Structure formats: structure tokens, C-alpha cells
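Residue numbers start from 1 in every chain, and the chains themselves are labelled A, B, ... in the order their sequence lines are given, proteins ahead of strands. Given the structure is predicted, the values throughout are model-derived calculations rather than measurements.
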Amino acid sequence: MAIQAPKGTKDVTPAESYKWQYIEKLAREICDDFGYSETRTPVIEHTELFLRGVGDTTDIVQKEMYTFDDKGGRSITLKPEGTAGAARMFLENSLFNEPQPTKMYYLYCPVFRYDKPQAGRLREHHQFGVEVYGAPLASADAECIQLALTLLNRAGVKGLSVNINSIGCPSCRPKYNDRLKEYLGSNFDGLCATCKSRFEKNPLRILDCKEEKCKTICKGAPTILDCLCDTCAAHFEELKACLAGIDVEYQVDPFIVRGLDYYTKTVFEIIAQSESYSGTVCGGGRYDGLLEQLGGPEMPGIGFGMGMERLLLIAELSGAHFPLPRQTEVYIATMGEEARKVGFTLVNNLRVKGVKAEFDHVGRSFKAQFKYANKLGARFVAVLGDDELDRGAVKLKDMNTSEEEYVNIPALAKTIKERLD
RNA sequence: GUGGGUGUAGUUCAGCGGCUAGAGCGCCAGAUUGUGGCUCUGGAUGUCGUGGGUUCAAAUCCCAUCACCCACCCCA
């Protein structure tokens, strides 16, 4: 093959797009029920947005962004996540002047990260996510988690678990950072190179390191939950109460820190586990300081991102069934030139009346048209030959029962609809 | 960024120094010149990933390269 799709990208073929459309329809319906409206933002943003929003100590920004200079010399980045762009959109359109909260979602949002691809991890993937601004209460956090769970459940994903944590706010995290640095400092030489560089700027991320030696050191580290200020501790308790109130089972995992620096207070991950798969499908949290950090007003935010390719993969591995697309209702099989002309007019008339009708564009033999109709799963075949032309009718064959009957051409659409019910 | 595996027909794969490179599935056609599914028969499709090397002889061995898959890291 001459040209292949770039590494880490994936085509959706016409035969499988119905699965995507099904998930997208579910997501839209659920968001509508929950009162979220769709937003669409550009695939490219100024690199500056992610440096300030996502955080320049994160792996995403340090080594995974698709960044380039455009012809005007501006540094442009393909978005590596959905929140920063949504926040920029919120500020640029002065949505903070509207009554709050602002509840929005994005769907099939392309996200780019330069990383080694493998199952469920692509360089270009698509996210479904929600963003809520102007809602300080923990019930909003619980609502987001519930929205994500509702979609995952309705998509048929099995083996879900919700893990939550709080990573504090600017008033309590510095204290925790000091305690953490005090603890880690005494083991500094044992840390990996990356963690040594994280030590000054963002020691919290060291807890997230998967290097064995760092993990061992982190085991005895003080946890942030012991250091939360009264506000953050109360928020976390409120979240737990809200989740309990809607029967959402959860686990507290004090080691979740997330890969993005903008998070404050609540962070959460939804993990899917099956025999053949185990991984995060959904991750999110609260980012009360983000808008301010981007030059906007002081206004809280919360949201999550969900990888759609992963969702689809895990749903299928869970044995989920997606409703099949509508099959061809009638195939017009013709014999001879005159019948072809009449047949093409007929197929268009049927479509106008809302019948899913199909017609031969290949020049197959009459017999082959039948075979093809069968392959399409057509419920009926309307036969049009010299006999039928003389009678002004088609011979309509029910492909399930093999029964045939003559139907006058003007009555065909109506007859097919009746038979289908 | 680190480590492992695999590249042969549309697809899943067999062949692992030696005859004209094969099979299942799929595709096309015929058996049935006005009728599908099942069956039978026939057919088409390959720069054996790419480039180089070893050899009388390479899909097969060696080197390089590219792509894909997997694990780690990270993440959705």
C-alpha cells in the first residue's frame, strides 16, 4: 500500500460508524437530561494556553504536545486535552456574565498526544467531556461523576469503579508540599531523575511516579487527606455525602494526583476492569483556579474527559451490543433497459416517501441483483421486468417468507410500510 | 523515551534455503438465459513490508530501514 494513515491514528470505516453514532446519540441524550449544552472549540490553540492552563511541569506539556510554528511565526499546538480550550472559549465569549453555572459538554473532540500507540491509546483520539463553571458546591462534582457513570453504564461497560481523592487548594497544598518535601528530601538521592526535577516545582507529582524506587519511597509519605484545610476537607466530605445520596459506590485513593496541574480539591478516575482490559476510561476533577490563571475572573470549574475510542473498546469487550443500523427495506431488481429507467424513478419516489430503497449501480445480472439484495439484508425485493411493466406493477417478494405478490407501482411505498409494521 | 514481538492474496494465516508460493473466509461467475440464503464447480487478486548482503539458488539466512502489535512510562 502506498500511503498509510499516520502512526497512532485510526480510521472509522463505514461499516463501524454506527457504533460511534450510537454512543454519540447516548451522550447527547444524557447531557440533555442533565442540562448540559454542547460547545465546539478549535483543534488548534496558541501554545501559551496550554503552558499556562495545563502546566509546564506536566508530561503532557513537556513531551507529548504537537507544537509547531505557523506561517506567521505563531506557536500553535494541537489540543492535548479539552479543558483549556473550553476555558478559553468561556472567557473569550464573556460567558461569566451569564447566570451561573455554565454547564457544557464536548463530543468527538480530537485530542493529540505524541506518545507510543497501543491498544486504547492513540496519538489522535477523541474525547467526550463536560465542563461546569460557576458551581462551587460538591454536588456539582457528584453530578459530573454521575453523568459519566450514566453514559458508561448505558453504553454497556462492565466492571466500573469510581476512585476519588482531594488534592487540596492553594491554601493547604503548600503546607502539604512542605511536609512532603521534608519527607522526600531525606530520601532525595533515591528518587529517579524525573522526580528529582519535580521536587522543587511540583512534588505532588512524585506520588504519581511509577518507578519502583520512587513508589517504595512514596509508600511512607504523608497523605494529603491529613493536611487538607477546613474548606477542602468539608468539600470532600460533602462530595462523599452527595455520592452516597445517589447510591454511587466509590473508593478513596489518596494517590490519585492526575496529570494536569490545574486541578484543585476533587480529583477522580473511573476505572474499567474486565478479563481482557483494565484501565482508566474517564478522569477529571475540580479546577477552581484555572479561569483566574488564564486572566479571567475568580470562578470555580469542574469537569472530566472520557476517551471515546477506549469507551468503545471496553464496551465491546464487555459484550455490549450496539443497535444495528436500519437495513435496506426494499431492493429494486430490474431486467432490461426499460425496466431500469422505470426502476430508477421508482427508487427515488420511494426514498422521498421515507422508504429505505436500493438500486443497482453496478450493472449486475438480475440474479446477481438478488444475491446482492440478500447481502444487504433487504427485507423486500421489488422485481421489475417486462411482465410487470405491462401491468404497471412490481412483483414484491418478502425475503423472509419468499412470498410474492403483485403491487401497483403507485401503492408500493404504502404497501411496504404496512408490511414492515 | 526504554524493552519485546510480527510483517506472505481483500482478510485470517500456513510455508521457514530448492519444482509454477498455498489454505480457510470474503469477492466474481456458472450449475438455474425471471428469483437470494444452502450446496457444488470454476475464476480473479501477491513487487512474500522496503533496501542491501550471503548463496548455484532467498518468502525462508544476515544487516539496515519502515510500519504495525505488545509491555514499561504516561494517560483518556
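When all heavy atoms of A:Cys144 and A:Gly303 are compared, the closest pair comes out as SG-CA, 4.4 Å.
Taking the C1' atoms as reference points, B:G53 lies 11 Å from B:A58, given to the whole Å. B:C73 and B:G15 have their C1' atoms separated by 39 Å, with the value rounded to a whole Å. Between the P atoms of B:U20 and B:C48, the separation comes to 16 Å (whole Å). For the P atom pair drawn from B:C69 and B:C27, the interatomic distance equals 27 Å after rounding to whole Å. Comparing the same atom, C1', in B:G22 and in B:U35 gives a spacing of 36 Å after rounding to whole Å. Of the P atoms belonging to B:C19 and B:U12, the separation is 26 Å, rounded to the nearest Å. Taking atom P on both nucleotides, B:G51 is separated from B:C66 by 15 Å, rounded to a whole Å.
Ion pairing between a basic and an acidic side chain is recognised when a charged N comes within 4.0 Å of a carboxylate O; A:Arg340 and A:Glu338 show no such pairing. Taking a cutoff of 4.0 Å between a charged side-chain nitrogen and a carboxylate oxygen, A:Arg28 and A:Glu24 do not qualify as a salt bridge.
If you check every strand for non-hydrogen atoms under 4.0 Å, A:Arg364 touches sugar and phosphate atoms only. Base engagement by A:Glu388 is indicated by at least one non-hydrogen atom pair under 4.0 Å involving a base atom. The residue A:Gly129 sits apart from the nucleic acid: no heavy atom pair falls under 4.0 Å. Using a 4.0 Å heavy-atom criterion, one finds that A:Ala119 contacts the sugar-phosphate atoms exclusively. Base engagement by A:Leu122 is indicated by at least one non-hydrogen atom pair under 4.0 Å involving a base atom.
Here B:A76 is the nucleotide among B:C28, B:A76, B:U32 with the atom lying nearest to any side-chain atom of A:Arg113. Proximity note for A:Val383 (side chain, C-beta onward) versus B:G37, B:G34, B:C28: the nearest is B:G34. Of the listed nucleotides (B:A71, B:A76, B:A67), B:A76 has the atom at the smallest distance from the side chain of A:Arg121. Comparing atom distances between the A:Asp115 side chain and each of B:G1, B:U35, B:U32 picks out B:G1 as nearest. Nearest to the side-chain atoms of A:Lys116 among the listed nucleotides B:G1, B:G37, B:A67 stands B:G1. Candidate nucleotides B:G3, B:G34, B:G36 were compared by shortest atom distance to the side chain of A:Ser402, and B:G36 ranks first. Taking only side-chain atoms of A:Lys7, from C-beta outward, the nucleotide of B:U35, B:C68, B:A76 with the closest atom is B:C68. The side chain of A:Arg310 lies closest to B:A76 when the candidates are B:C28, B:A76, B:U35.
Without hydrogens or angle criteria, A:Asn374 side chain to A:Phe370 main chain gives no donor-acceptor distance under 3.5 Å.
Residue-to-nucleotide contacts include a donor-acceptor pair under 3.5 Å from the side chain of A:Lys395 to the base of B:U35. Donor-acceptor pairing under 3.5 Å, judged by distance alone, is present between the side chain of A:Lys397 and the base of B:G36. Donor-acceptor pairing under 3.5 Å, judged by distance alone, is absent between the side chain of A:Gln369 and the base of B:U35. No donor-acceptor contact under 3.5 Å links the side chain of A:Glu64 to the base of B:G1. The base of B:G36 sits with one of its N or O atoms less than 3.5 Å from a complementary donor or acceptor on the side chain of A:Asn374.
The distance from atom CZ of A:Phe304 to atom P of B:A76 is 12 Å, rounded to the nearest whole Å. The distance from atom CE of A:Met335 to atom P of B:G36 is 12 Å, rounded to the nearest whole Å. The CZ atom of A:Phe268 sits 11 Å away from the P atom of B:A76 (whole-angstrom rounding). Rounded to whole Å, the distance from NE2 on A:His126 to P on B:A76 is 16 Å. Taking atom CG of residue A:Asp360 and atom P of nucleotide B:C28, one finds them 12 Å apart after rounding to whole Å. When the C1' atom of B:G30 is taken as reference, atom CZ of A:Phe366 falls 17 Å away, rounded to whole Å. The interatomic distance linking A:Leu389 (CG) with B:G34 (P) rounds to 14 Å, in whole Å.
Two residues, A:Gly120 and A:Ala5, neighbour RNA chain B, and the one matched to the more 5' nucleotide by heavy-atom proximity is A:Ala5. Between A:Gly305 and A:Lys63, the residue anchored closer to the 5' end of RNA chain B is A:Lys63, taking for each the nucleotide with the nearest heavy atom.
The distance between the ring centers of A:Phe359 and A:Phe344 falls below 6.0 angstrom.
Checking B:G7 for Watson-Crick or G-U wobble geometry (two distances, each under 3.5 Å) identifies B:C66 as its partner. B:C27 and B:G43 make up a base pair, with Watson-Crick or G-U wobble contacts both under 3.5 Å. Of the nucleotides present, B:G53 is the one that pairs with B:C61 by Watson-Crick or G-U wobble criteria, both distances under 3.5 Å. Across every strand in view, B:G1 sits in a pair with B:C72 that passes the Watson-Crick or G-U test at under 3.5 angstrom. A 3.5 Å limit on both hydrogen-bonding distances identifies no Watson-Crick or G-U partner for B:U35.
For the residue pair A:Glu16 / A:Thr13, a side-chain donor-acceptor distance below 3.5 Å is found, with atom types taken as modelled.
Close to B:A71, at under 4.0 Å from its OP1 or OP2, lies a side-chain N or O of A:Gln118. Remark: A:Lys371 is not in phosphate contact with B:G26, judged by side-chain N or O atoms under 4.0 Å from OP1 or OP2.
Counting only heavy atoms from C-beta outward, the side chains of A:Phe380 and A:Arg419 approach each other to under 4.5 Å.
Ring orientation note: the planes of A:Phe112 and A:Tyr66 are nearly perpendicular, at an angle over 60° on the 30°/60° scale.
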